[in-house]
A.B. asks: 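One structure, as structure tokens, below. Some questions next.
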Amino acid sequence: MKKVLITGFDPFGGETINPAYEAVKLLPDEISGAKIIKKEIPTVFQKGPDAVYEEIQSSKPDYVLCIGQAGGRSQVTPEWVGINFRNARIADNEGNQPMQTSVVENGPEAYFTMLPVFRMVEKMKENGIPASVSYTAGTYVCNDVMYSVLHYCHTEFKDVKGGFMHVPFATEQTVNQPAGTPGMNLKDIAKAIELSVEAMLESDTDIKVVSGETH
Ligand code: PCA
């Protein structure tokens with residue numbers, strides 16, 4: 001039986017929930033015949049990646065999909081690239097606020113996702129979930145986790161395929177935000193994750209679709 005590790009962050013930046021882990025909690029324990037391992041990780045530089053590392057070591061998954069909140073985005077966005085750069089506009093949950101430093105000293109400048117992100121996006125869209133591939137996971141703890149997990153998968157856990165996906169605010173988080181702030185129902189976010197896992201279990205080979213950005 002294949003195993004998929006799915007992580008979600010704890011709340012940060014003054015929020016009381018993080019839609020990432022809230023949605024992960026709603027997932028079934030099995031998707032397309034694969035066992036789903038759910039794990040909450042801290043929104044803390046280095047400790048977030050360390051928590052994923054330890055879970056990969058103990059549960060030996062075939063795939064790792066880390067989920068994070070991207071407040072302000074209106075779509076579910078699998079990430080294309082993790083960069084070797086930390087730059088925090090706000091402190092993390094333990095008060096760390098790195099300015100323009102590396103994730104991994106002397107590591108490669110970037111890693112691309114190992115997941116079929118275009119296949120994942122198409123599957124979500126076919127099922128009514130707004131989704132697109134994103135070409136930046138930012139410079140905060142989510143990028144820290146994405147870059148680090150891909151680094152582990154390329155260096156130590158070579159049989160594991162890793163990737164990252166950002167999700168919008170849960171609808172209830174937008175109640176006191178300025179009008180027009182996008183939100184998504186937690187059930188839809190969970191469905192989006194489930195569809196993404198189905199898509200990546202269908203094939204490791206990605207599909208070619210007309211997409212990309214003009215900016
Ligand atoms: N989102 C933040 C960190 C934790 C989370 O859920 C980010 O995008 O970096």
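In this chain, residues are counted from 1 in sequence order.
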A.B. asks: In sequence, state the C-alpha distance, the side-chain angles, and the governing distance for Ser196 and Met124, and then conclude on side-chain contact (heavy atoms from CB on, under 4.5 Å).
C.D. replies: CA-CA 7 Å; Ser196 297; Met124 287 189 269; 3.4 Å; yes

A.B. asks: Is there a donor-acceptor pair closer than 3.5 Å between any side-chain N or O of Ser59 and the backbone N or O of Pro61?
C.D. replies: no

A.B. asks: Just by modelled atom types, is the Leu27 backbone N or O under 3.5 Å from a matching donor or acceptor in the Lys38 side chain?
C.D. replies: yes

A.B. asks: So do Lys161 and Leu115 actually touch side chain to side chain, heavy atoms under 4.5 Å?
C.D. replies: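 With C-beta onward as the side chain, the pair touches.
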
A.B. asks: Please check if Met146 and Met165 belong to a single hydrophobic cluster, counting links between Ile, Leu, Val, Met, Phe, Trp and Tyr side chain heavy atoms closer than 4.5 Å.
C.D. replies: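 They do not share one cluster, since no chain of ILVMFWY contacts under 4.5 Å joins Met146 to Met165.
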
A.B. asks: Where do Gly107 and Asn84 come nearest, in terms of heavy atoms and distance?
C.D. replies: O-ND2, 3.3 Å

A.B. asks: So, do Phe157 and Tyr53 have ring centers that fall under 6.0 Å from each other?
C.D. replies: yes

A.B. asks: Is there a donor-acceptor contact under 3.5 Å from the side chain of Asp10 to the main chain of Val44?
C.D. replies: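 No.
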
A.B. asks: Consider only side-chain heavy atoms of I, L, V, M, F, W and Y, link residues closer than 4.5 Å, and tell whether Ile17 and Ile67 are in one cluster.
C.D. replies: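 No, Ile17 does not connect to Ile67 through the hydrophobic network.
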
A.B. asks: Between atom CE of Met114 and atom SG of Cys153, what is the distance when rounded to the nearest 0.5 Å?
C.D. replies: 5.0 Å

A.B. asks: Do Asp188 and Ile129 make a side-chain contact, defined as non-hydrogen atoms from C-beta onward lying under 4.5 Å apart?
C.D. replies: yes

A.B. asks: Should the pair Glu22-Lys25 be classified as a salt bridge under the 4.0 Å nitrogen-to-oxygen rule?
C.D. replies: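 Judged by the 4.0 Å cut-off on N to carboxylate O distance, Glu22 and Lys25 do form a salt bridge.
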
A.B. asks: Determine whether Lys39 and Val52 make a side-chain contact, defined as any pair of heavy atoms from C-beta on separated by less than 4.5 Å.
C.D. replies: no

A.B. asks: Can you name the closest pair of heavy atoms from Ile90 and Gly13 and give their distance?
C.D. replies: CD1-CA, 3.9 Å

A.B. asks: Looking only at side chains, do Gln173 and Gln69 share a donor and an acceptor under 3.5 Å apart?
C.D. replies: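 Indeed, the side chains of Gln173 and Gln69 share at least one donor-acceptor pair under 3.5 Å.
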
A.B. asks: Any side-chain donor-acceptor pair under 3.5 Å between Asp92 and Thr43?
C.D. replies: no

A.B. asks: Taking side chain as C-beta onward, heavy atoms only, is Val76 less than 4.5 Å from Pro130?
C.D. replies: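 A side-chain contact is absent here, since even the closest heavy-atom pair is not under 4.5 Å.
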
A.B. asks: Evaluate the side-chain contact (heavy atoms from CB on, under 4.5 Å) criterion for residues Glu194 and Ile36: first the C-alpha distance (whole Å), next the side-chain angles of each, then the deciding distance (0.1 Å), finally the verdict.
C.D. replies: CA-CA 10 Å; Glu194 188 175 347; Ile36 304 303; over 6 Å; no

A.B. asks: State whether the side chain of Thr171 and the backbone N or O of Asn185 hold a donor-acceptor pair below 3.5 Å, judged by distance alone.
C.D. replies: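 Looks like yes, one N/O pair under 3.5 Å.
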
A.B. asks: Answer whether the closest heavy-atom distance between the side chains of Val149 and Phe164 falls below 4.5 Å.
C.D. replies: no

A.B. asks: For the residue pair Pro116 and Ala199, what are the closest heavy atoms and their distance?
C.D. replies: CG-O, 4.4 Å

A.B. asks: Measure the spacing between NZ of Lys2 and CG of Leu201 and express it to the nearest 0.5 Å.
C.D. replies: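 Answer for the NZ-CG pair, Lys2 versus Leu201, is 7.5 Å.
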
A.B. asks: Given 3.5 Å as the limit, does a donor-acceptor pair link the side chain of Asp159 with the main chain of Asp62, or not?
C.D. replies: no

A.B. asks: With the 4.5 Å side-chain cut-off for hydrophobic clustering, are Val160 and Ile6 part of the same group?
C.D. replies: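 Hydrophobic grouping puts Val160 apart from Ile6.
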
A.B. asks: Using 0.5 Å steps for rounding, measure from the CG atom of Asn87 to the OG1 atom of Thr101.
C.D. replies: 8.0 Å

A.B. asks: Distance-only, no hydrogens or angles: does the Ser102 side chain make a donor-acceptor pair with backbone N or O of Val104 under 3.5 Å?
C.D. replies: no

A.B. asks: Among Phe85, Phe45, Tyr147, which residue meets the ring pair (Phe, Tyr, Trp, His ring centres under 6.0 Å) test with Tyr140?
C.D. replies: Phe45

A.B. asks: Which word best sums up how the rings of Tyr111 and His151 line up, parallel for under 30°, tilted for 30 to 60°, or perpendicular for over 60°?
C.D. replies: tilted

A.B. asks: Please tell me whether Phe12 and Ile189 are part of a single hydrophobic cluster in this structure, the criterion being side-chain heavy atoms less than 4.5 Å apart.
C.D. replies: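 No; Ile189 is not reachable from Phe12 via cluster members.
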
A.B. asks: Is there a side-chain contact between Asn18 and Glu40, using heavy atoms and a 4.5 Å cut-off?
C.D. replies: no

A.B. asks: Considering residues, nucleotides and ligands other than Met99, do more than 12 of their heavy atoms fall under 6.0 Å from its CE?
C.D. replies: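 No.
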
A.B. asks: Run Ser134 and His166 through side-chain contact (heavy atoms from CB on, under 4.5 Å) and show every step you take.
C.D. replies: CA-CA 9 Å; Ser134 158; His166 267 118; 5.7 Å; no

A.B. asks: Identify the two heavy atoms, one from Val121 and one from Ser132, that lie closest to each other, and give their separation to 0.1 Å.
C.D. replies: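 So the minimum-distance heavy-atom pair works out to CG2-C, 3.6 Å.
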
A.B. asks: Taking CD in Glu213 as the centre, count heavy atoms belonging to other residues, nucleotides or ligands within less than 6.0 Å. Is the count above 12?
C.D. replies: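 Count over threshold, so yes.
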
A.B. asks: Would you check if Pro19 and Leu186 make a side-chain contact, meaning some heavy-atom pair closer than 4.5 Å?
C.D. replies: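 They are in contact (side-chain heavy atoms under 4.5 Å apart), so the answer is yes.
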
A.B. asks: With clusters defined by side-chain heavy atoms of hydrophobic residues (ILVMFWY) lying less than 4.5 Å apart, directly or transitively, does Met120 cluster with Met184?
C.D. replies: yes

A.B. asks: State, to 0.1 Å, how close Ser32 and Glu198 come at their nearest heavy-atom pair, and which atoms those are.
C.D. replies: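 Between these two residues, the closest heavy atoms are OG-CG, 3.4 Å.
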
A.B. asks: Can a donor-acceptor pair be found, under 3.5 Å and without considering hydrogens, that links the side chain of Asn143 to the backbone of Ile83?
C.D. replies: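 The answer is yes, because a donor-acceptor pair under 3.5 Å joins these two groups.
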
A.B. asks: Closest approach of Leu150 and Gly162, non-hydrogen atoms and distance?
C.D. replies: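 Residues Leu150 and Gly162, closest heavy atoms: CD2-O, 3.3 Å.
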
A.B. asks: Before you tell me yes or no, could you show the steps for Lys3 and Leu5 under side-chain contact (heavy atoms from CB on, under 4.5 Å), namely the whole-Å CA-CA distance, both residues' side-chain angles and the distance that decides it to 0.1 Å?
C.D. replies: CA-CA 7 Å; Lys3 287 184 270 184; Leu5 168 61; over 6 Å; no

A.B. asks: Any side-chain heavy atom of Cys66 sitting closer than 4.5 Å to one from Thr7?
C.D. replies: yes

